[in-house]
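These notes concern the structure reproduced below.
Read the numbers this way: they start at 1 and go in the same order the structure lists the ligands and their atoms. Quick caveat: nothing in here was measured; it's all calculated off a predicted structure.
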Amino acid sequence: MIKYNKTKYLILGINLLFLGLFSFEGITQNIGFEKQIDEKIDSIISLLTLEEKIAMCHAQSKFSTPGVDRLGIPEIWMSDGPHGVRGEINWDDWGYANWTNDSITAFPALTCLAATFNPKLSKEYGINLGEEARYRKKDVLLGPGVNMYRTPLNGRNFEYMGEDPFLTSKMVGPYIQGVQQNGVAACVKHYALNNQELWRGHINVEISDRALYEIYLPAFKAAVKEGKVWSIMGAYNQLRGQHTTHNELLMNTILKKDWAFDGVVISDWGSTHNTKEAALFGLDMEMGTGTDGLTTSTKNTYDYYYLANPFIEMLKKGEVGVEVLNDKVRRILRLMFRTNMSENRPFGRMNNQEHIDVARKIAGEGIVLLKNEDSFFPIDPNKKMTIAVIGENATKSMTVGGGSSELKAKNEIAPLQGLQARFKNATIVHAMGYASGPSAYGKVLSSTLNLEKLKNEALEVASKADVVLFFGGLNKNHLQDCEGGDRQEFGLPFGQNELLNDLLKVNKNLGVILVSGNAVEMPWINSVKGLIQMWYLGSEAGNAIADVASGDVNPSGKLPFTFPKKLSDNAAHSFGKLSYPGDSINQYYKEDILVGYRWHDTKKIQPLFAFGEGKSYTTFKLSDFKTDKKQYVQNETIVISGDVLNTGKFNGSEVVQIYVGKPKSKVKRALKELKGFQKVEVFKGSSNFVKISINTNNLSFYDESISNWNLEKGDYLIYVGNASNNISKEIKITIN
Ligand code: BGC
């Protein structure tokens with residue numbers, strides 16, 4: 001260890017001044033900023049002791065890493081993510097610190113954001129969330145999550161953006177850029193293949209290269225290449241026998257070499273398992289290892305992290321070169337120059353009206369109308385009538401629970417409250433109907449309420465109403481939409497199916513509003529008049545659903561994942577237990593590239609609701625769509641254009657979706673894959689011209705025989721539609 005005397009300290013101080021580390025002259029605007037920063041970083045590294053460098057590579061508390069106080073290098077503070085800034089957690093255990101200044105705006109869950117099919121809203125989401133993170137003095141926001149929706153049982157699907165790599169890739173970049181323009185690093189997670197919660201800490205995923213590159217990696221690549229994300233979180237699970245957090249292929253080869261990622265790889269909390277692998281296979285910062293603070297924490301517990309004392313030992317013995325450590329520190333310092341050592345970052349703000357408005361707008365645009373018989377929705381807010389609002393989800397807080405994405409919302413408008421505020425002329429009567437029990441992390445607690453009584457109250461109320469709105473679905477309790485476990489049934493829990501059947505016997509004028517982040521089975525679907533997929537909408541949930549139910553907002557959300565009719569229709573499940581959930585040691589992604597609608601389309605299995613599906617109160621017609629040419633070569637832009645006509649009675653927005661397929665191919669292909677989309681607002685009675693470009697290179701498949709992308713020559717079919725199951729035009733093109 002290097003020992004410093006007073007003179008040396010003085011020199012260090014002068015050095016730092018010379019480096020301009022603390023000068024506030026707006027260097028970030030200079031050309032060559034990155035180069036300048038890299039030079040500064042090298043100088044700082046030369047001043048750091050081995051111990052100081054090591055300390056920077058691992059946690060000092062649940063959500064922070066230490067700075068170097070003698071040099072004025074600050075600590076790094078992190079927070080979950082991804083739907084708002086989480087309440088403050090204790091220094092060394094998972095308890096909440098009970099601060100009184102950490103209540104925030106809760107934004108809609110990422111499934112809702114994805115359902116907007118609107119990358120501009122993703123940017124707004126990021127900007128506003130980033131402002132809150134900045135105001136809360138966070139340097140890293142642990143989100144967004146972009147794991148793929150493989151099974152409707154995954155407890156964390158609500159934190160992700162659905163089943164399609166193209167949609168997710170288009171949505172992730174703007175979110176990241178929005179967050180990061182506040183001088184707060186986004187941390188895209190969980191890299192990679194953390195697609196189920198069951199056995200997440202050890203399950204080993206066996207998957208083909210093709211599925212890996214075509215389905216599970218594109219969103220992470222987009223986060224790096226287009227979002228220019230400053231940090232990424234390793235996942236809990238293993239890939240091909242090695243933990244993903246220190247996985248040679250994922251971290252060294254793909255992320256750092258092929259994608260040239262220059263940011264920080266942060267472990268998930270407790271996902272580090274081995275010093276040598278952590279040192280050599282790409283992990284830069286270790287968080288959350290074995291310190292639940294309640295049981296195993298000792299005084300200097302953080303010294304026992306894999307990247308702490310054991311790492312020093314390896315370095316001292318020469319088993320790992322100091323360059324390995326320096327690379328980690330370099331990345332960490334780079335992140336700091338982008339965040340807490342950047343003198344240009346704004347100050348942020350929190351709970352301001354604009355944030356609340358943005359949360360409401362995104363929620364309104366993400367809500368998906370799936371069934372609307374006899375124009376059940378919108379419900380006229382000026383009419384005098386009795387509305388029975390049935391269901392626990394009409395009043396239950398959905399920002400509480402769910403695991404690490406749990407939020408302490410300053411204000412959360414529940415659906416019942418939102419409806420009461422908007423439907424002033426109506427008599428609104430609420431009955432719970434069913435009860436789920438309190439939310440407790442890792443535990444299922446049953447309700448102590450009298451369920452028979454709840455049901456009878458609901459039937460009584462419903463029988464006398466003009467309209468019944470059933471707010472059901474899942475919630476954020478353990479084994480529902482919640483981290484740390486998967487759902488155990490595809491059907492609705494807590495006796496909701498039986499309740500719905502009984503309600504329908506007393507009143508047929510009934511619409512269902514599903515609050516969930518996952519698909520559910522719907523045996524009652526033919527008997528209900530309306531169905532809305534409402535997601536978890538955060539602070540403004542109640543206002544947003546009232547906006548749509550009343551017609552103030554015309555729904556324009558589209559499903560970012562398929563709703564199968566039954567669980568065995570889902571690709572992963574159709575291959576049995578070894579495919580999902582695995583045998584507790586290994587699992588095999590047997591459906592390969594045929595995930596979600598790719599499976600349903602190719603195997604001709606009708607879904608209950610399809611990817612990209614979603615209705616409006618108005619009607620649209622896609623007209624005159626064509627390509628600019630018929631023949632293309634590689635790396636050329638295909639321009640697809642046409643008109644969207646609003647043929648109905650309301651203004652509204654439609655999402656034009658372009659899928660591409662290759663009917664004759666030397667490899668297995670999905671019937672079609674999303675390759676372009678655009679959301680467009682069209683006033684009633686008018687039309688809007690839409691132009692969507694696709695680069696022919698994006699039609700390549702990952703060719704395992706050459707370990708690279710390969711653009712096959714020949715005929716392709718372009719499908720134009722407004723849902724994966726509603727294609728209005730097919731156009732044949734050829735790539736030469
Ligand atoms: C989750 C991460 C989260 C971290 C910190 C982990 O259990 O998987 O998504 O960011 O905890 O709370």
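Ring to ring, Tyr236 and Trp199 are not that close: their centroids are 6.0 angstrom or more apart. Between Trp535 and Phe107, the distance from one ring center to the other does not fall under 6.0 angstrom. Note: Tyr216 and Tyr589 meet the aromatic proximity criterion, with ring centroids under 6.0 Å apart.
Put simply, part of His190 is less than 4.0 Å from ligand 1, judged by heavy atoms. Taking 4.0 Å as the cut-off, Arg86 counts as a neighbour of ligand 1 on heavy-atom distance. At a 4.0 Å cut-off, at least one heavy atom of Arg200 sits close enough to ligand 1 to count as contact.
Look at Asp284 and Lys256 and you find a salt bridge, because one of the NZ, NE, NH1 or NH2 atoms lies within 4.0 Å of a carboxylate O, short of that distance. Salt bridge status for Lys590 with Glu206: absent, with no side-chain N to carboxylate O gap under 4.0 Å.
The Ser404 neighbourhood of ligand 1 comprises atoms 1 (C), 2 (C), 3 (C), 9 (O), 12 (O), with distances under 4.0 Å to a heavy atom of that residue. The ligand atoms of ligand 1 that sit less than 4.0 angstrom from a heavy atom of Phe63 are 5 (C), 12 (O). Near Lys189, with a cut-off below 4.0 Å to any heavy atom, the atoms of ligand 1 are 2 (C), 3 (C), 9 (O), 10 (O). Residue Trp94 approaches ligand 1 through these ligand atoms, each under 4.0 Å from one of its heavy atoms: 12 (O). Short contacts between ligand 1 and Leu142, defined as distances under 4.0 Å to a heavy atom of the residue, involve ligand atoms 10 (O). Distances below 4.0 Å separate heavy atoms of Asp268 from the following atoms of ligand 1: 1 (C), 2 (C), 3 (C), 4 (C), 6 (C), 7 (O), 8 (O), 11 (O). Counting the atoms of ligand 1 from 1 in the order shown, those under 4.0 Å from a heavy atom of Tyr236 are 6 (C), 7 (O), 8 (O).
Considering all non-hydrogen atoms of both residues, Pro108 and Ile362 come closest at CG-CG2, 4.0 Å.
Classified by interplanar angle (parallel below 30°, tilted 30° to 60°, perpendicular above 60°), the ring pair Phe563/Phe561 is parallel. Below 30°, between 30° and 60°, or above 60°: for Phe158 and Tyr536 the angle between ring planes is above 60°, a perpendicular geometry.
If you check the side chains of Asn157 and Asn518, you find a donor sitting under 3.5 Å from an acceptor.
Scanning the protein heavy atoms around atom 7 (O) of ligand 1, the nearest turns out to be Glu483 OE2, 2.7 Å.
The distance criterion of under 3.5 Å between nitrogen or oxygen atoms is met by Arg156 with respect to ligand 1. Of the N or O atoms in Asp80, one or more lie within a sub-3.5 Å distance of an N or O in ligand 1.
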